[in-house]
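By convention in this document, chain letters (A, B, ...) are assigned in the order of the sequence lines, proteins followed by strands, and residues within each chain are numbered from 1.
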Amino acid sequence: MLDFTFKILVTDALLYLLVTAIIIFIVYARKHEHLSAPWRQIKNKKLAMSALVILGFFVITGFLDSVHIRQEIKIDNTSKNQQQVAQYSNEVLSLLDLLLTKMRQQTEKTYSAPFAINSFTKEVADGEQGKPVLYYPRLKYGGAHLQAQDSRIYDIGKRLLWALFWTLSVLVFCILLIAKITDSKNNIENKHINIATRLKNIISGNTNTPWLTILLVMSIPVFFISSIAELGPYYHIMGTDQVGNDVLYKSIKSIRTGLLIGTLTTLIILPFAVVFGITAGYFRGWVDDLIQYIYTTLSSIPSVLLIVAAILSLQVYMTNNPESFATLIDRSDIRLLFLVMILGVTSWTGLCRLLRAETMKLRELDYIQAANSLGVRHRRIMSRHIFPNLMHIVLITVVLDFSGLVLAEAVLSYIGVGVDPTMDSWGNMINGARLEMAREPLVWWNLTAAFVFMFILVLAANIFSDAVRDAFDPRLRKA
Amino acid sequence: MENQANNNLLEVTALKTWIDTEGGIIHAVDGVSFNIRPGETLAILGESGCGKSLTALSILQLIPKPAGRIVSGKVMFSGENLLEKSEQDMREIRGRRIAMIFQEPQSSLNPVMTIGQQIKEVIPDRKNKSSVEINKDIVGLLDSVGMSDSVRRINEYPHQLSGGMKQRAMIAMALASKPDILIADEPTTALDVTIQSQILNLLARLKKENNMSILLITHDLGVVSQMADRVILMYAGEVVEDADAVSFFDAPRHPYAQKLFLSIPDRSKRKKKLDIIPGIVPTYAGDYQGCRFSERCDKAWDLCFQERPQWRAQEKNGVRCHLYNNTLEPQETSDKNIEQGLITADEKQDKAETLLDVKQLKVHFPIHKGIFRRVVGHVKAVDGISLKIGRGRTVAIVGESGCGKTTAGKAILQLIKPSSGEVIYDGARLTKITGEELRQLRKNFQIIFQDPYASLNPRMLVGESIAEGLHALKLESSKAAIQTRVKKLLTQVGMPVDSYGRYPHEFSGGQRQRISIARALAVSPDLIVCDEPTSALDVSVQAQILNLLNDLQNELSLSYLFITHDISVVEYLAHEVAVMYLGRIVEFGTAADILDNPLHPYTQALLSAVPVISKTGNTGYKGDSQVLLAGDIPSPSKPPAGCHFHVRCPQATEICRQQYPAETKTGDSHTVFCHLFESDEQH
Amino acid sequence: MIAYIIRRLLYAIPILIGINLLTFTLFFMVNSPDDMARVHLGVKRVTTEAIEAWKTDRGYDKPLLYNYKESGIKSFSNTIFFQHTVRLFVLDFGRADDGRDIGRDIRQRMWPSLAIAVPTFIVGILLNITFAMLLAFFRGTYVDVWGVVLSVAMMSISIMFYIILGQLIMSKLWHLLPISGYDSGLRALKFLILPVIIGVVSGIGAGSRLYRTFYLEEINKDYVRTARAKGLSSLQVLFKHVLRNAMVPILTGVVAIIPLLFMGSLVMESFFGIPGLGSYTIDAINQQDFAIVRAMVFLGSILYIFGLVLTDISYTLVDPRVRLE
């Protein structure tokens, strides 16, 4: 019998849907030259592939954090109640939470610096003569395994060496794996070669797909992960926040929030933007007028204010109907969903306008006219002739929008209309860090952690989206 | 070549310009040599992609960087090698000693600067001149290129000028410093034929007046014939023949040149198969072992495939072909005479049953204005045309851009809703039928478009494209049947069967046009509207498509409505011809009527504007025999009152300004809308 | 052109009605006038009479969208929606929930917003155009490559970091400028420098990268080749020909946001304690004052539409090909 049950949050379900959609798209793209050719071009670019590797780690983390379960509460068998009804905890945990159990549970009283073993703030204790003395108490968990005489640096160094060892092992394994599975297409000479030569090619960077770069870039997050595994249970790598939570744990948990906002928004807007854009541009007339009216109206409202108005309404609704939201996590999940939806509403208009304009150009093209003269029906013309020729625009927009949305989350959370304040997000972390900057000495690690995570994700996304745009936009390809 | 060196103004020697692409290095210009003498017009003739434009750009170091680079060669101009000059020094040459004009006057002028501002930049010594003097210079230049209203034009922007006027402005700019050489890169290709003849005459006049040399780059044998003193013919990055115009047109040496002449459609080849150059124009990638033309040459033998032919020259003329020895005498005379297949269609079938009857067809596009977008007028794109097409016949609609011929074609097929009039197809009133009923009728009439790149969906397999009509109209039931049918169609239009599973971008323009034809044929139509199907193609490929269309007509007894601006195509294949001007047909008759006995002054002007390939070469001014039309084509939104043509008509009288002429029958099959002939009938 | 502008302005009316309907629905979907009254009167003094009195006082005693009791035009006009919307159209924003006059607040707070937004905007545009031109001039070289990399990195940083780091370095560590605050008249200057610098720096990455693409697009056009064939130098080509054409997309993109400068920046103003419209909005959000939020939405929309019209007009100024009809 399972000792847990799955709990699928609404946003989880949408994320699964998105992943399914992406898989379907990949299968579709492999069969269509115009979609797979640009990807092959991206595959050979060092910078783009490095960015993709980094994004991959973020996505895996976010996905692990989106499989939620409720653990069974062990009921004492000796109790009189003999009926075995499985009872599940109200606490909803993700797979990631389980992996990081120690980091999650080891909370201190308040702030502590990275790798600290003593508290950040002084405490009053009774001295030897009964006089109160101020001192920095040892942390409950951070470095608790160390004896007084142990060197902290030595301990950390030792654990890091282990992390390095794990990283190298993974690296070697990956090189062997790649050498085994890559076919002859991947070396420049395009010849059939044995595995030893393939190995040599990979290591000397003599492959079409820049495997060497990919592996080197990959080793950074791998090292990071092994360091967490080695150090995480014993130290607060990035310190703790005001209420003693591990900052690194919070930063990692925030990945899911950032990813969901960046991806689900587009998932929600896509059908609307595509259907409205194409119908408006294809049929013109009153359909066009109506759709144009809708999106002009929506885009006229400054997006921040529309979000503000919408979230404010939601908040009012939530205060008025507290009974609809069973748990805290449900509540913050609904708020996240709502935020994603309203972000979608504010951002679909741009794509819709773009698609409409492009459709209007396409419908005048000869091959559409030819389809008309062959008696092809409108719906088929839109789906077979127009949509496939707009696909690249949709893709470029989706990828380009991602980083902007992740950045927007931070601003919105700061304004107070972002995700729920109880939810882990970089925006909330920055918002909290704002006051910490005024402290003396400075509490810098909260802000730094949020900055580093966010910067890496957004930078990787920006670099990747540049590559996607270059590969898919024929106008740029010409230049 | 060398003994003439002292006389030469510009000497290009072994010029190589390569272009880096993702697919590898393209040897776009591969060892090109030629000379220009003072006051001479040298034409570089070649099909698209032969490297002729890049050759010209290389002379001025204007090739697009960093993709393109000049690898080697010499360009000697007044004792200096231009290729060794720095960018700084080149600026003294560009525009001052060697000027250049381009194909697309539309995009070659800066859209946000006035004509005056753009010309001002090239006025010599302008720092020492007052603005009044500069203005005078500009007006003088504009006058010299025949720009009407020159004072007003100074403050106008390019978009306010017609295509011909823009090209005049470009020429004015090029002439500002009285250059020694004018490089004209396809200067008239984007222009209508009546405007083309204006510009060509202008260039010929300016050359004489300023004693300048012209390097004329073109693909049009007619233009070469009219303008050139010497011709160099390029193929795949190489010069294959260099000859004075007279001997080039009298007896071209290179098989490619010979073939080019044979593949041009004209009246003498009517009802005969055009001699074609098989294959496609190469994209000059990669290395060649033998002669670059060998794959398409029917005189090629083993040597041609193995060894690059040497340049054989005698005096001024030369050729790059294994057929010739050093004295330019053909070494082998095994000139396989191609049997000129006669097309069997009988001319006599004049009284064919009427398949399509168009009556007073009008397409008016409303012009909206004002706060409430009220309709204040109409662009009368098609303004009441009537014509009949018999079964198995070809009717050509001829006219210049903006005359409404394409709109007419689409309106006949109900792809654009006509404003009024009737289209009766085989008894069915298409203008009254809508929806499902019309959809079912569509299998009877199809269309082929001009631009082979826009006419196929790049995201659909060739097979899917062709099968689309079969699916939509449910003409074949099973998948297998459709596939068999599509493959048969591919064979029919001369495409390999394995094209089925490939995408359009893998094919050249001519091949795509074949695929488009297959797509139209798939639903077995009786009528095909051919909207300039060959005007985007090279001459050698055009001949292939025209032959295919001719074959299909004989096999399937198709009717064609052939929309074109190209008189030579009309001469070659049309049974009846309708000449359109500003939305109306001005003259209608059999091909013989129109071509031998054009009555309408516009038809006469149109026919005489076409550059004729003359055996004697350089015809220069055509003199009095040419009816040179003044002015531009008016806008169809505001056609002139009375006869639309009266503003340009050399024979216009008072009545022409007042009322539109009625239809006048001048023969069995010949009608004309002109006051000149009305009186004959009435009195 | 006049006709075109009038038509565009007339077209704004249905859009503004739509916006109002949207915000109105958004709010009253979750909130009834009774709820509002209860929240404002406090829990203790809630009596039916008090609620009714509060509602009558503020005009919330009518039906929301459609009045069944009235007939004809009045069934639409005698409603909360109509009464509250019509007033917005004459720019009467009514009163905030705490009774302050929103219109007066806006007029007052507009100036500090502009004091930051306008210099940020102008300096930003000039810098972006310059940097983009440099990148375009050095296209294909390492200057360009690293410039673009730097731009991408800079645009990957959230504006909040720029602000916090700026405050930390300039104010806390170096004590050059005050962290936050505002003063009247010229004394406001020292409070403005930091926000303006941060505003400009945070926008450079995205701006110069975008403008660079505009330049590159123009540089590949035929008329540039013509200009070179005329013997002009690269600098002349860039400044006289390319710049003027690239200004078309730049200017039209920029003009659209000019009216919105009035709205101020939410984040900037709240971080720096500037009493502008941005922080006004944030305060309203925190107090959940819907009247202010709705007023700001309406104002923002009007300014946006105004920006669109300005964009169209600016097209005719920079691009002779465009004529408004």
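Scanning residues 511-525 of chain B against chain A with a 4.5 Å non-hydrogen threshold yields R519(B), V523(B), sorted by number. The contact list for residues 440-451 of chain B toward chain A, using heavy atoms and a distance under 4.5 Å, reads R442(B), F445(B), Q446(B), I447(B), F449(B), Q450(B), D451(B) by residue number. Interface residues of residues 368-377 of chain A toward chain B, defined by a heavy-atom distance below 4.5 Å and sorted by number: Q369(A), A370(A), A371(A), N372(A), S373(A), L374(A), G375(A), V376(A), R377(A).
The greatest number of non-hydrogen atom pairs below 4.5 Å with chain A, out of E464(B), M460(B), R459(B), H471(B), is found for R459(B). Ranking A472(B), P64(B), S455(B) against chain A, the residue ahead of the rest is S455(B), based on heavy-atom pairs under 4.5 Å.
Summarising the local packing, NE2 of H378(A) is surrounded by 12 or fewer heavy atoms from other residues, nucleotides or ligands at distances under 6.0 Å. Within 6.0 Å of CZ on R30(A) lie no more than 12 heavy atoms contributed by other residues, nucleotides or ligands. Atom CZ of F283(A) is surrounded by more than 12 heavy atoms from other residues, nucleotides or ligands within 6.0 Å.
Here OH of Y367(A) is found 4.5 Å from CG of N457(B). Values are rounded to the nearest 0.5 Å. How far NE2 of H385(A) is from OG of S465(B): 6.5 Å, rounded to the nearest 0.5 Å.
Heavy atoms closer than 4.5 Å to chain A are found nowhere in Q414(B), neither backbone nor side chain.
With sequence neighbours excluded, the residues that form a side chain to side chain contact (heavy atoms under 4.5 Å, CB included) with H364(B) are K362(B), H378(B), K380(B), D383(B), S419(B).
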